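Since the structure comes first, as structure tokens, the remarks are kept for the end.
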Amino acid sequence: MNLENIIVYSKEVQEAKEKNLPIVALESTIISHGMPYPQNVKMAKATESIIRENGAVPATIAIIHGKIKIGLEEEDLELLATAKDVKKVSRRDMAEVLAKNQIGATTVAATMIAAKLAGIKVFVTGGIGGVHRGFEETMDVSADLEELAQSPVAVVCAGAKAILDIPRTLEYLETKGVPVIGYQTDYMPAFYSAQSEYKLVSRDDNVEDLAKRIYYSDLLGLKAGFVVANPVPKEHEIPHEEIDKIINQALIEEKEAGIKGKDSTPFLLAKIVELSGGKSLETNIELVYNNARLGSQLALAYNKLTK
Ligand code: PSU
Ligand code: MN
């Protein structure tokens, strides 16, 4: 068996590849483990629509019954949104889920690997994983960070959530040579809030400049990806003071429940939705839509630059 046998493109993505149209990758852990049903599937479909409206082709990625699917059908999205036995798949888990014929929702790390294999340069999500708070004790660092160091894919996100240790996450990325670029901002966005107190060293104000960075990074063979940090629109943000209290409470409950490892992020996300009375979910969905708009425009700009 070779790689072509296990990578399956949707018709839409296959055509886009043949015609060299701009393609935007999307992850599936956000569907299966990041949001509740039915908002998750609604979000997944609407995000794809936004990408199409902006002139690019969406490629949601997941592992389904022994294949890495690049571009999903509606029934795949429903399956990922509802099935109870969907595995959360990071780099470590990819080969196992393929070997066991399981259903896998890909994290940022695994989606980057698949995007690289498919030749897709731009990937849209909500937030990346990072260094967890209390890292000194747990050593919990998301595999997303190591992936950003070795897979040349631009990840458009709303920064890193305050459930993480934002300054240590930035330090880690700096060590690994991963540019974190504030899009029209000088400060690292904090997912639910448009701005954190942590200043970034790099900023771009338009997609053409972002596209040029990808171009030069490839030219140099640098291999690392990019974090394009796109703040949630002000009208949808949750102010720091408000969300910080909720996050602290969620972290206490996580500790009490003894949650660790790959279950940590999904637990905290669900807890924050519960404690915020659903408000965090609305913000989460809006910031994904906002990232989808920017990601499509970036894919178009990069496509133009390399044609
Ligand atoms: N942040 C979110 N929603 C998510 C995730 C992160 O706001 O769904 C998911 C992404 O798939 C990310 C993963 O790659 O959590 C990180 O998990 P971990 O910390 O276990 O690496
Ligand atoms: Mn972890």
Side-chain angles (χ1 to χ4, degrees), residues 25-37 39-41 43-44 47 60-63 80-81 86-94 97 104-115 123-135 137-149 151 153 155-166 168-169 172-173 189-193 225 227 229-232 236-238 243 246-247 250-251 254 259-273 276 280-292:
L26 296 160
E27 62 151 310
S28 43
T29 293
I30 192 173
I31 305 172
S32 300
H33 306 100
M35 290 182 191
Y37 181 81
Q39 288 93 337
N40 55 0
V41 67
M43 177 280 305
T47 303
T60 307
I61 291 171
I63 299 180
L80 288 161
V86 181
K87 292 268 155 59
K88 177 180 161 190
V89 176
S90 191
R91 167 179 275 266
R92 170 192 66 187
D93 316 291
M94 291 180 89
V97 165
T106 50
T107 63
V108 168
T111 305
M112 287 180 81
I113 294 171
F123 163 22
V124 161
T125 186
I128 53 166
V131 178
H132 278 254
R133 290 204 214 168
F135 150 84
E137 217 175 291
T138 61
M139 276 184 73
D140 191 348
V141 179
S142 174
D144 292 354
L145 300 186
E146 286 292 327
E147 206 54 52
L148 279 158
S151 288
V153 177
V155 182
V156 181
C157 63
K161 222 175 285 71
I163 57 172
L164 301 169
D165 187 328
I166 297 178
R168 282 196 173 86
T169 300
Y172 200 104
L173 290 167
F191 198 77
Y192 301 117
S193 321
V227 176
N230 186 30
V232 62
H236 297 296
E237 80 165 344
I238 307 178
I243 199 70
I246 290 172
I247 287 169
L251 287 165
E254 181 193 33
I259 306 287
K260 286 195 208 64
K262 69 192 288 193
D263 298 328
S264 173
T265 301
F267 176 89
L268 290 170
L269 287 171
K271 195 42 96 182
I272 293 167
V273 172
S276 70
S280 71
L281 182 57
E282 273 174 49
T283 298
N284 197 344
I285 292 170
E286 288 299 333
L287 64 82
V288 173
Y289 295 165
N290 190 49
N291 294 339

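No experiment lies behind these values; they were computed from the predicted model shown. Atoms within a ligand are numbered from 1 in the order they appear, just like the ligands themselves.
Put simply, the side chain of Thr283 never gets that close to the backbone of Glu237: no donor and acceptor are under 3.5 Å apart. A distance-only check finds a donor-acceptor pair linking the side chain of Thr29 to the backbone of Thr107 [under 3.5 Å]. The backbone N or O of Val131 lies less than 3.5 Å from no partner atom in the side chain of Asp165, so there is not a single donor-acceptor pair.
The set of protein atoms (N, O or S) found at less than 2.8 Å from the Mn ion (ligand 2) reads Asp140 OD1, by chain and number.
The salt bridge (charged side-chain N to carboxylate O under 4.0 Å, His left out) test applied to Arg91 returns Glu147, not counting sequence neighbours.
With a 4.5 Å cut-off on side-chain heavy atoms, Gln39 and Asn284 do not count as touching. The closest side-chain heavy-atom distance from Ile246 to Ser280 is not below 4.5 Å. Using a 4.5 Å heavy-atom cutoff, the side chains of Phe123 and Val156 are not in contact. You'll find the side chain of Val273 stays beyond 4.5 Å of the side chain of Leu269, heavy atoms only.
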Check ligand 1 against the protein and report each N/O to N/O distance under 3.5 Å, formatted as atom name, atom name, distance.
residue  : atom   : partner : partner atom : Å
ligand 1 : 1 (N)  : Gly127  : O            : 3.4
ligand 1 : 1 (N)  : Lys161  : NZ           : 2.9
ligand 1 : 7 (O)  : Lys161  : NZ           : 2.8
ligand 1 : 11 (O) : Glu27   : OE1          : 2.6
ligand 1 : 11 (O) : Glu27   : OE2          : 3.4
ligand 1 : 14 (O) : Val108  : N            : 2.8
ligand 1 : 14 (O) : Asp144  : OD1          : 3.3
ligand 1 : 14 (O) : Asp144  : OD2          : 2.7
ligand 1 : 17 (O) : Lys88   : NZ           : 3.1
ligand 1 : 19 (O) : Thr265  : OG1          : 3.0
ligand 1 : 20 (O) : Lys88   : NZ           : 2.7
ligand 1 : 21 (O) : Ser142  : OG           : 2.7

Name every donor-acceptor pair, under 3.5 Å, that has one atom in a side chain of residues 260-268 and the other anywhere in the protein, sequence neighbours excluded.
residue : atom : partner : partner atom : Å
Lys262  : NZ   : Lys88   : O            : 3.0
Ser264  : OG   : Glu254  : OE2          : 2.6

